[in-house]
Structures are given as structure tokens and as C-alpha cells.
Amino acid sequence: MADFQTLRGMVDILPSETWQWQSVETFARHHFERAGINEIRTPLLETTELFNRGIGGSTDVVNKEMYSFVDRGDRSCTLRPEGTASVVRSLIQNGLISQGPQRLWYQGPMFRYERPQAGRQRQFHQLGVEFFGLSSIKSDAELISIAWDLLKQLGLKGITLQVNTLGTLEDRQKYRSQLVSWLEKYSKNFDEHTMNQLKNNPLRILDSKDKNIKKILEGGPMLIDYLCESSKRRFINLQEFLSELDIPFTINPKLVRGLDYYCHTAFEITSGELGSQSTVCGGGRYDGLVQQLGGSATSSIGWAIGMERLLILLANKIPNQNTPDIYLVNKGEKAELEALCLARSLRLANLKVELDNSGSAFSKQFKRASRSHASWALVIGEEEVNKGEVVLKSLIDKENFGSNISINISNIKEIVDIVTS
RNA sequence: GCGGGCGUCGCCAAGUGGUUAAGGCAGCGGCUUGUGGCGCCGCUAUUCGGGGGUUCGAAUCCCCUCGCUCGCCCCA
């Protein structure tokens, strides 16, 4: 048993998995570049009040999931539980809001003090996109298409886009009172949790997994019937645009966001392969947030992808390209020194070279060369040093184990030519 | 925060109260003082997540604790 281990819910990303992360990150970066979306990096630590106000005091995230502490200057600090609040804070602080529309992406660790389970950790990673200053519903469609195409092009199968509208704040207030009076008729059978939701955040009850509540809701009022004309129009347009983009979607009238500043578009991309945490990407419009955090009223939409969930879905679908071109087999005092220099020269010539520093028997080194999945073994021992050459041997050509190519030791170019041809 | 399952070597895993804790994979060494994916031989857990207790005796029983996992809540 090791003396130390990671804190609960904190996970090491090991060398055998980092290449998958890098592969997704690189792909995403290019994807965003093509869409004119620029990266923003904000601190992991912010004042607690930012999240209290930005996420909302009635949410679980704020009430029981934040990693908060008081620093040496008596400030209450919190490790960010999500990315949006920090991005908005930065936009306001740096005066970017007044510089016209902003298309931004971010990536990095988030922290929530929750009980870990499949697809959920206390430190997890999100990849997110936010658009500011774009009020047209076309932007909602564009934003969704960027998420959808990213996931599809990464090779995800079996994902579903669900969309809904929350209308305006006024739409929702009208609906909310109707929903509450409908639910109150049945509330004598509600448990404590549902009662609290009814009081604080009744729309959340819509996506309850409880069978009885689902049944009660079947006959209940629907938000879509309480939308004003322009809200309805927006939602219909969104559907038209998505169809025009050939992005399949289903309407899920029970898809809600619990926070007050959300409005109009809400969407999720889900997969059946994630256990009970089925959402791999979630987002929507939150036109009220910038103002709520002290900026001027600004249209805002965004989404976030859970990297761990994405990687679960991607498992084994990304080929590992991090195999060496050359495995450098070497033995003998002079030869080992030559090998060290040779490895460096070949690396400077852009080849991936794995240098065997074990000094063990050639048979052992060849065994390792084989397992490294290198295409070539480059051999240098006493004989070669004396002749001033090295021996290049294909590890892929299994039939001709013995076929060796001798090359002058200083002829790096010939080695590179053979290996890259 | 609530409920279920689990925790023996880097990984998989046998063992369910009694002398030295199987086996497989990986690793290392050798057969082969210099040529790979096979084979054979050898080495690799004073110790069973941690602590305490019961017992003549515990990996095996009890308590506590840490962690993992599945579900609820919630969310990416």
C-alpha cells in the first residue's frame, strides 16, 4: 500500500491515456480555429461570491458542491465548479463586452464536491464554448452545430441531440405558477426533496426520474403552451435551422435548466453508454447572466462537454500514434556513447527514437524493440563501431528476420530516408 | 448527503479460522559473451487497503476508517 494516494474523486491521467486527451484536445483546437472561436484561460480560483451570484443560490452546485476555503488574506475563495461564470467575469473585467461579439472556448479542470460515480469525479474536465453579443437564433443553431460536429467527427456513435425552449422569464413565470398549482394538488404524497423543489425551483421537477411524479406530470401544463409569440417563433426557427443543417434532434419538453438567467434555447447531447450520467454535452442561452454579474445586458449562449465522459465514449476509437520510428539497440562502452549521440541526431532530424539504456543482452533489447512497436531497429555494437557503421533492420518485415542494412554511422540522412520512405 | 456491491504483488486472480499466501499476465535474469513477437528455467507479497478487537491461531469473524464501484440527488 502506497503511503499516499489521490484524494477521493481526484484521478491521475496516466501516460497510457494522455495521448487520447491530447488527441481530442488537438482536434478540438483546430475545430474551434476553423469556426473563428478563440481560447480564453481564466484562473481556477475565484472569489466565492462570483459563483454564488453566477450560478445561483438555490442550486446544489452552490449549496453543497463547492470547494471553498478562506485564504490567508481572509478572502473566501472557491475552485471553479464550472467555466461560464469565470469567463463572464473576465469579459466584464477586461472590457471585452464592448468590443463586439465574442466567440470563445475554454478547457480545463473543474471541481465539485460530489460523490464520485460513473462519469463523475470531483476534479473533472470541461471543454466549453461561449458566444457573447449574438442574439440571433441563428447563433444558437451555429453553436449547437459546432458541438454536434465536434462529437461526430471525433467518431461518436449513438448520440442524441435534445432541444427545448424555456422562453422568456415572463413566459416561465406564467407557466411556473400554473405548474405549481397543478403539482400542489398531489403534493401531500411528495417526499421532502420534491417539496423543496416545489418551493424553490419547481421546473426542476419536470425532469424527475420518479415514476409517480412522471405520471402526475403527464396531464400537467406544458411550458410550450405558455410561450409568447416571439418565443414560439424563435423555437420554430431553431428547429428549421437544425433541419437545414441536417442535424437530427428530438424535442424534449422536460429538458430544463434550473437557473433563473437561462432563457429560450436549452439543449443536451446524450448517449446511452454512460450509465446514469447520460449527458456528454449540455448548454443553452443565458442572456441574463452578464447583467447579473455586473456587466451590461449581453446576449450569451454556450455549452460544455465533459471530457471524461467524452473519453469514455471514445474508448479505443482513437489510434495510438505515439510509437517510435526507431528503437535504438546498443551494447558496449563505445557503442553506447555513439548510440546516445545517434539518438540525438535522429531526433533533431525529426524521427521518434527510443534509446535502450539497459546495456542488457541483444536478445533482450530486440524483444523490447519488438514490443515498442517501432518500425525499425537501429543496431550499434562493438562490431559496428569498429567498422564505423550502424545496422538498420526492419521490425515489420517478419519473414526476413535477418535482413540488415549497413549504413555509415555519420550518414543520418540515409537513415532518415529509409525510415520515412 | 442517502442506499447496494467491493478492496489479496504493477494488472487479473485462488484462498471463507490452522504449519512456508496458488496460478496467470507484465517485469527482471538465464538458456542464446550479438539479433525480436514462440519455448523452457529461475527471481519477484514476512503479507492480504489502514487501524483496533475476538481467538492458542485471522486474508478469512466483529468494529471503526480510507478508497473504489453502482444507483439516488445533481450535473458535464
Side-chain angles (χ1 to χ4, degrees), chain A residues 1-11 14 16 55 58-65 81-84 107-128 147 151 191-194 196-197 201 204-205 207-210 256-259 268-271 274-283 302-313 327 329-332 335 356 358 360-374 376-385 391-404:
Chain A
M1 173 64 164
D3 284 353
F4 295 105
Q5 53 185 315
T6 52
L7 256 17
R8 159 166 264 206
M10 307 284 169
V11 175
L14 300 174
S16 58
I55 300 173
S58 68
T59 60
D60 281 6
V61 170
V62 166
N63 285 324
K64 52 181 201 187
E65 295 175 2
E82 53 108 59
T84 303
Q107 185 264 0
M110 308 292 165
F111 304 83
R112 291 184 198 172
Y113 195 90
E114 298 180 272
R115 189 125 172 205
Q117 64 185 80
R120 175 194 290 168
Q121 297 161 193
R122 288 184 172 181
Q123 176 177 337
F124 62 106
H125 297 77
Q126 284 188 335
L127 180 66
L151 296 177
D191 57 22
E192 191 185 347
H193 174 73
T194 310
N196 283 336
Q197 282 188 321
N201 210 335
R204 286 245 65 108
I205 298 179
D207 63 3
S208 170
K209 289 176 188 171
D210 186 289
V256 292
R257 313 258 104 183
L259 318 185
E268 282 184 5
I269 298 173
T270 58
S271 165
L274 282 172
S276 70
Q277 316 302 325
S278 59
T279 305
V280 66
C281 174
W303 52 252
I305 284 175
M307 284 290 285
E308 281 80 4
R309 292 182 188 178
L310 174 56
L311 285 160
I312 290 170
L313 295 175
Y327 191 96
V329 171
N330 62 101
K331 188 167 172 62
D356 193 313
S358 68
S360 48
F362 277 83
S363 63
K364 287 295 170 193
Q365 295 197 40
F366 275 103
K367 203 167 273 185
R368 291 189 203 109
S370 225
R371 286 175 190 168
S372 78
H373 295 112
W376 297 87
L378 191 62
V379 188
I380 179 161
E382 269 175 56
E383 276 178 34
E384 286 76 13
V385 172
V391 165
L392 195 55
K393 172 187 161 104
S394 170
L395 293 172
I396 292 173
D397 185 2
K398 292 167 198 170
E399 264 105 69
N400 303 304
F401 271 17
S403 66
N404 293 337

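Here is the naming used below: chain letters follow the sequence lines, and residue numbers restart at 1 for every chain. All values derive from a computational prediction rather than experimental measurement.
- Between A/Gln117 and B/C70, a side-chain N or O to OP1/OP2 separation shorter than 4.0 Å is absent.
- Base pairing of B/A22 is not made with any nucleotide, judged by Watson-Crick or G-U wobble geometry with both donor-acceptor distances under 3.5 Å.
- Contact detail for A/Glu308 and A/Gln123: the closest heavy-atom pair is OE2-O, 4.3 Å.
- In this entry B/C73 has no Watson-Crick or G-U wobble partner, no candidate having both defining distances under 3.5 Å.
- Residues A/Leu151 and A/Leu310 approach most closely at CD2-CD1, 3.7 Å, considering heavy atoms.
- Heavy-atom distances to RNA chain B give each of A/Lys364 and A/Ser370 a nearest nucleotide, and the one nearer the 5′ end belongs to A/Lys364.
- Taking only side-chain nitrogens and oxygens, A/Arg120 never comes nearer than 4.0 Å to OP1 or OP2 of B/G71.
- Atom CG of A/Asn330 sits about 9.5 Å away from atom CG of A/Leu378, to the nearest 0.5 Å.
- Nearer the 5' end of RNA chain B, as judged by each residue's closest nucleotide, is the contact made by A/Met10, out of A/Met10 and A/Glu308.
- A sub-4.0 Å separation between OP1 or OP2 of B/C2 and a side-chain N or O of A/His193 is absent.
- Contacts of A/Gly282 with the nucleic acid, taken as non-hydrogen atoms under 4.0 Å apart, involve only primed sugar atoms and P, OP1 or OP2.
- Applying the 3.5 Å distance criterion, the base of B/G34 shares a donor-acceptor pair with the side chain of A/Glu384.
- Put simply, A/Phe366 does not rest on the base of B/G36: the two rings are not both less than 5.5 Å apart at their centres and under 30° in tilt.
- Contact annotation: side chain of A/Arg115 to base of B/C70, donor-acceptor pair absent below 3.5 Å.
- For the C1' atoms, the distance from B/G49 to B/G34 is 46 Å, rounded to whole Å.
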